[in-house]
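Read through the structure below, which is laid out as structure tokens, and then see the notes.
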Amino acid sequence: MTGVLLFQPVCCQPSFAYIIVTLPPFRTAMSAKYRELTGLNLPAFEAEIAKQWSENHTFEKSIAIREGAKPFVFYEGPPSANGMPGIHHVISRTLKDLVCRYKTMKGFKVNRKGGWDTHGLPIELGVEKELGITKEDIGKKISVEEYNQKCREAVLRYKDKWDDITKKMGYWVDLNDPYITFKNEYIETLWWLLSELYKKGLLYESVSIQPYSPAAGTGLSSHELNQPGTYKDVKDTSAVAMFRAVNNEKSKFLFDAANNEELFFMAWTTTPWTLPSNLGLTVGANIDYVLVKTVNPYLHNTIHVVLAKALLGKYFKAENENSDFAAYKNDGKNLPYAILTECKGSAIEGCEYEQLLPFQANSLESIQGLTPDAKPFRVMVDSFVTTEDGTGIVHTAPDFGADDFKVGQKYNLGFFTGINEYGKLDKLVLVDREGKFVDGLGEFSGRYVKNYKDDPNYIDVNVDISVKLKKENRAFKVEKYEHNYPHCWRTDKPILYYPLDAWFIKTTAIKDRMVELNKTINWKPQSTGEGRFGNWLENMVDWNLSRSRYWGTPLPIWRTEDGEEEVCIGSIEELNAGIRKASEVLGGDVNKHYLHEGILDLHKPYVDDIILVSPGGKPMKRVPDLIDVWFDSGAMPYAQWHFPFENKETFKESFPADFIAEGVDQTRGWFYTLHAIACLVFDSVAYKTVVSNGLVLDKNGNKMSKRLGNVVDPFYTINKYGADATRWYLITNASPWDNLKFSWEKPEDKPEYSPGIEEVQRKFFGTLYNTYQFFALYANVDGFAFKEAYIPVAQRPEIDRWILSSLSTVVKKANAFMDDYEPTQAGRVIEDFVDEHLSNWYVRLCRRRFWKGDYEQDKICAYQTLYECLETVCRLIAPVSPFFSDFIFQNLNAVTNRFDAVSVHHVHYPGTASAESPAVAGYDAIDEALEERMQLAQDASSLILSLRKKVNIKVRQPLQKVLIPVLGSGMKEQLQKVEDLVKAEVNIKEVEYLEADNTFIRKKIKPNFVALGKRLGAKMKAVSAGLAAFTQEDIALLEKEGQYNLPVEGEPVILQLSDVDITSEDIPGWMVAGKGSLTVALDVTITPELEAEGNAREFVNRVQKIRKDTGFELTDRIEVKVAATDGLKASLAQYKDYICAEILADTLEFVPEIPQGSAEGIQGIDINDVSLNVIVSKKG
RNA sequence: UGGCCUGUAGCUCAAUGGUAAGAGCCGUUGCCUUAUACGCAACAGGUUAACAGUUCGAAUCUGUUCGGGCCAACCA
């Protein structure tokens, strides 16, 4: 022991999280001993390492020591600190951290500037809730100034918690000098970017159709629309309206077919109140339409209508086709109909029709007064039309639908909305902002389009419109229709889509370039980039930048009242110059508060106070909009450095990023805005590689939410299991981009726990801990400190060369996987190595080498080999498991000083060109044949153990021999080299090989499908059947000749040995087991000789247990008295020397009997069902 | 509603289109251990969500359906 004090818990069920630990200073002067541990207590180790990191500035140094090296650029996506960190933050930050640590170890310089996202709706809504106010109260009950001050205070409310989790989880990021989006410098860069866009003509104001709540009198953000419960099933009056076609050149073919009688286009709507605003009809280019002669089901007159062929069945019964019109009973049922002609939608594009509901307010003059040259009332073609519902012809009202607006613009249908004298757009819509019809719409003027006021006497205007249409021969079908419709989350009233002003970035102008540049980005997983993101880019619309809120980045555009002149401000300096100039030109009190020091805060309400002056000498006020917070975060590559006002060089070095990572939910958020701004302003990608990780779900696959109470607290998890076990679990359990079902159990009366993390802790960290502990124990006994010269690998024993070969293979794979951003695969490979190869084969088989014999060549080989494995594993796992790896690494390095480094995070990753470790540097220790034959040895051992189990013979009982048939060339040589290992492991005296040409074994033959399949194709089945019919003689012939002619359908097929798999099936008269091409047969006869040796080994085992239970030191010599009789006595006597050597006994004395209580330390033992007493005492 | 992802043992995950679909966890039974947290062996557990297709051969490729997730939402 080296002075470590670890107090074990007093309670009977130890929980490592609560062990109180007091540890001495870490690197006590050149200690000669490896620190021996008293338990795997990850949280305690981590606390110790964390303390050391902060004292030694280990993180800062890890960057400083790479000064001058090639940079690896990483961008931190800013979290919002107004909420608590969750377990999903831990996974994405682990991902970021491990890549950055890996790249650092690979020799790059990796700066990690932290940041905070501080604007946005969630913060405002949080403050509103806290103050008990709504948006309408801002500026009334509370001033904008106070409100924004509250927001500013709220944004970093949980910063302490975030800092805490950052530290505890071991996320290395620079939080001393983070970028903060609400700071003036940050906003100034945003303004600069916006002004660049403005100069390029990519920033413009336009109308957009947005969700609007007439009841609340406000537009709604998509965020608000996505609140749970906003979409409700409601019943509305729907109408199929008939639009009377105009007979002209385009429509002539229809009129010809209709005998020049009047004909109608039929269109369905669930919102009849939009019909007065109708400006067009939209059809699908490739949809088939028919002209039908039928009757009006309400007025019973004969009519001609056009609709989609696929939807005929919705309105007509097939048996009434071509039925007698005279037989129609004027009851609206069994409408007779006849198809007169048929055409594609593209054929009726451009047809004109008469306005359905003409009034004064929606007259053509009115429309053209607002939108000159508009050509409304036409049939258009667009891809959004389907034949799922309605008639296949879509009523199009550009004011009240985004699709309608888009297609209307494309065809210049016109618009009821124009810019009025105040530069506002809302006055002339046929429905006002309260949700009622404007004047000039006849009997409908002044009526609410929906019941927004909870008026019990409300009469549905949709019904009245429908009735009017029925009477005028303009309705074909009117009915109640149930559908899913969005509602305002605040008032519960239906929303409507309404034209509102907004500022846009014309991303569509560079769509092709964005698509092109996206193809150069390495997406993990690829499908997110090609599918989700790629499709999103293909279907991109202009970026709506406007937000009508208070706490955010103001849009820096000032405009004169008449809208004639405007400026876009690109810097604080420019604004301050404008402030002074306006004051001079306009005089009076203009900007008087800002003249002295200039503007101090770029937020509302201050920016809104400022009046600028236009070139024409008119006052200009700022437009009221704030910008989308996504612009804030998308601009971080520039704004984090206050580019271009400062840090031009730094920026140049750190753009674009080599790597970013966030959750897949950011695809259309941060990933998009980063890409868009970089493409728009710099014609570049913003990042070269992006990893989008999946969500963390609860164990039932549900999203974690506070509402469901299924969130996993990352603090609890990390405190209980340690960050390393948590990180390792998160990374290795599933690929980062798959959703992770977090294993979590909440038993009734026990603390909650995670079986998944516990397994990782036990299996991986437990094994590694044990391996280190084993090494430290014996290395301390022997004083191994890697002082001897490095023994060339070629001169070491087979098993050492094997584990070093395996290690090199793992190093190679880990590098490849890490380079490919596949940490899950890297972790799994390392995990397998530690568990299966290092611990359960190498150490297991080599144990004796560490405690037997003198300190000479073989022992030093063993120590050097095991040391190198441990050291290399620490370096391999350092990115994922930063604490424990550093802990073990330092414990090792403190004795050997092989690395001149205070932390594993300062050394190079194994396999890096300049690696210090000779054995793995160039992977030249890799010996595939060696790894292959060791696999054979492991398989053979496992087979023999299973045979022993079958006949119930313990491993301690030696057996005489196994028989192994060898097939093919080289197998015998391979096996012979590992024969001794197998014999020792399974306690067998000899191995006998059966050569291939023996006639003793029954063999089985099977086609090698991989080799034969491609060559034979369809003949495969016949060959397969042919081989199944092979006799033992056929197989022997093939083996002897090396080939075989098997005719199939008259044609010869030459089979080579490599075309088939031959395995031994059975050896008559032996216990046999097999796996693949390996078969073993075991001789289970126990001769008296073997039995005696078995007894001796049994006895050794019992005494060793006594030594351990009694608490003797490993090196204590002992004296043993045993009361053995007859056969047992003979066995023990025969192997006396062997026994004494094994148990470090100086004397082994046989006595007739040891009565209970006759002396100290009497122990009863049991050897092969014989009971006897022994006395084991320490000598001296 | 659309786009993308996903569905393999009770649970978590594997399986270059190649023929008994494998591990680990959980349960039961033995065993090994001078490494108290490892493991070994055995038992148990599967119509690879369903259906159809392509192929000599499909968990894997294609289509349809169903379930789960994310994102985007306006479907007339």
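Order of the sequence lines sets the chain letters (A, B, ...), proteins ahead of strands, with each chain counted from 1.
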Measuring from the side chain of A:T270 (C-beta onward, heavy atoms only), which nucleotide among B:A37, B:C25, B:A76 has the closest atom? B:A76
Could you measure between the two C1' atoms, the one in B:U62 and the one in B:U19, and give it in whole Å? 22 Å
Can you give the dot-bracket line for RNA chain B, where a pair is Watson-Crick or G-U wobble with both atom distances under 3.5 Å, crossing pairs use [ ], and | marks a partner on another strand? (((((((..((((....[...)))).(((((.......))))).....(((((..]....))))))))))))....
Once you apply a heavy-atom cut-off of 4.0 Å, does A:K1105 come out as touching a base, just sugar-phosphate, or nothing? nothing
For A:W273 and A:N462 the tightest heavy-atom approach is N-OD1, 2.9 Å
Taking the six-membered ring for Trp, is the centroid-to-centroid distance between A:F850 and A:F775 below 6.0 Å? no
Please report, rounded to the nearest Å, how far the P atom of B:C74 is from the CH2 atom of A:W273. 14 Å
Reckon A:N770 has a side-chain N or O less than 4.0 Å from the OP1 or OP2 of B:A37? yes
Are A:W536 and B:C71 stacked, counting the six-membered base ring, centres under 5.5 Å, planes under 30°? no
Whether A:K741 contacts B:G68 is assessed here as follows: a side-chain N or O lying under 4.0 Å from the phosphate OP1 or OP2. Is that the case? no
When all nucleic acid strands are considered with a 4.0 Å heavy-atom cut-off, which category describes A:D835: base, sugar-phosphate, or nothing? sugar-phosphate
Whole-Å C1' distance, B:U47 and B:A59: 12 Å
Options B:C74, B:A76, B:C13, nucleotide nearest the side-chain atoms of A:A734: B:C13
Just by protein heavy atoms under 4.0 Å, how would nucleotides 3-9 of chain B read 5' to 3' in B, S and -? BBS----
Rounded to the nearest 0.5 Å, what separation is found between the NZ atom of A:K524 and the CD atom of A:Q526? 8.0 Å
Between B:A49 and B:G67 - P atom distance, rounded Å: 16 Å
Near-ring test A:W630/A:Y672, centroid separation under 6.0 angstrom: no
We want to know whether A:R1097 and A:N987 form a side-chain donor-acceptor pair, criterion being a heavy-atom distance below 3.5 angstrom. yes
Is the base of B:A76 touched by the side chain of A:T391 through a donor-acceptor pair closer than 3.5 angstrom? no
Can you measure A:Y772 atom OH to B:A37 atom C1' for me and round it to whole angstrom units? 17 Å
Inspect the contact between A:E758 and A:K720 and indicate whether a charged nitrogen and a carboxylate oxygen are less than 4.0 angstrom apart. no
Do you know which of A:T274, A:T282, A:T269, A:D404 makes side-chain hydrogen bond (donor to acceptor under 3.5 Å, both in side chains) with A:T396? A:T282
Proximal nucleotide (of B:G24, B:G18, B:A14) relative to the A:R828 side chain: B:A14
Report the distance from atom CD of A:Q938 to atom C1' of B:G39, rounded to the nearest whole Å. 12 Å
Could you tell me the separation between the CG atom of A:D832 and the P atom of B:A14, rounded to a whole number of Å? 13 Å
Looking only at atom C1', what distance separates B:C61 and B:C26, rounded to whole Å? 36 Å
Rounded off to whole Å, could you give me the CG-to-P distance for the A:L496 and B:C75 pair? 13 Å
Show each protein N/O and nucleotides 26-32 of chain B N/O combination with a separation under 3.5 Å, one pair to a line.
unit_1, atom_1, unit_2, atom_2, d
B:C32, OP1, A:R956, NH2, 3.1

Holding to ring-ring contact (aromatic ring centres under 6.0 Å, His included), I want the full list of residues that pass it with A:F243, two or more places apart in sequence or in another chain. A:Y353
Assign A:N840 to base, sugar-phosphate, or nothing according to its heavy-atom contacts below 4.0 angstrom with the strands shown. base
Separation of atom CG in A:L945 from atom P in B:U33, rounded to whole Å: 11 Å
A:G392 and A:A308 have their tightest heavy-atom pair at CA-CB, 3.9 Å
Between B:C31 and B:G46, how far apart are the two P atoms, rounded to whole Å? 29 Å
Minimum-distance pair of heavy atoms, taken over all atoms of A:P736 and A:P823: CG-CG, 4.3 Å
Residue A:N739, side-chain atoms from C-beta onward, closest of B:G24, B:C40, B:G69: B:G69
Minimum heavy-atom distance between A:G534 and A:N518, given as atom pair plus value: CA-ND2, 4.2 Å
Base, sugar-phosphate or nothing for A:V843? Non-hydrogen atoms, less than 4.0 Å. base
If I pick the P atom on B:G24 and the same atom on B:G18, what distance separates them, to the nearest angstrom? 23 Å
For A:S839, which contact category applies under a 4.0 Å heavy-atom criterion: base, sugar-phosphate, or nothing? base
In terms of the angle between their ring planes, are A:Y498 and A:F400 parallel, tilted or perpendicular, with boundaries placed at 30° and 60°? tilted
CZ (A:F265) and OG1 (A:T391) are apart, to the nearest 0.5 Å, by 11.0 Å
Any side-chain N or O of A:K1006 below 4.0 angstrom from OP1/OP2 of B:A20? yes
Taking the P atom in each of B:C25 and B:G3, what is the distance between them to the nearest angstrom? 42 Å
Which is more 5' along RNA chain B, the nucleotide nearest A:I209 or the one nearest A:G766? Just name the residue. A:G766
Give A:Q1104 one of three labels, base, sugar-phosphate or nothing, depending on what nucleic acid heavy atoms sit under 4.0 Å from its own. base
Identify which nucleotide among B:A72, B:C38, B:G18 has an atom closest to any side-chain atom of A:T767, counting heavy atoms from C-beta outward. B:C38
Please determine whether a side-chain nitrogen or oxygen atom of A:Y778 lies at a distance below 4.0 Å from atom OP1 or OP2 of B:A35. yes
Distance between C1' atoms of B:G45 and B:U8 (Å, rounded): 13 Å
Under 4.0 Å, counting only non-hydrogen atoms across every strand here, what does A:E836 touch: a base, just sugar-phosphate, or nothing? nothing
Are any of A:Y497's side-chain N or O atoms less than 4.0 Å away from OP1 or OP2 of B:C74? yes
Assign A:K1019 to base, sugar-phosphate, or nothing according to its heavy-atom contacts below 4.0 angstrom with the strands shown. nothing
Taken in chain and number order and not counting sequence neighbours, the residues that satisfy ring-ring contact (aromatic ring centres under 6.0 Å, His included) with A:F405 are A:F415
RNA chain B: 5'-proximal contact among A:R1107 and A:N1008 (nearest heavy atom): A:N1008
When you get a sec, tell me which of B:A35, B:C25, B:A41 is the closest nucleotide to the side chain of A:F774? B:A35
At 4.0 Å (heavy atoms only), tell me whether A:G1013 reaches a base, stays on the sugar-phosphate, or touches nothing. base
Does A:F671 have any ring-ring contact (aromatic ring centres under 6.0 Å, His included) partners at least two apart in sequence or in another chain, and if so, which? A:W523
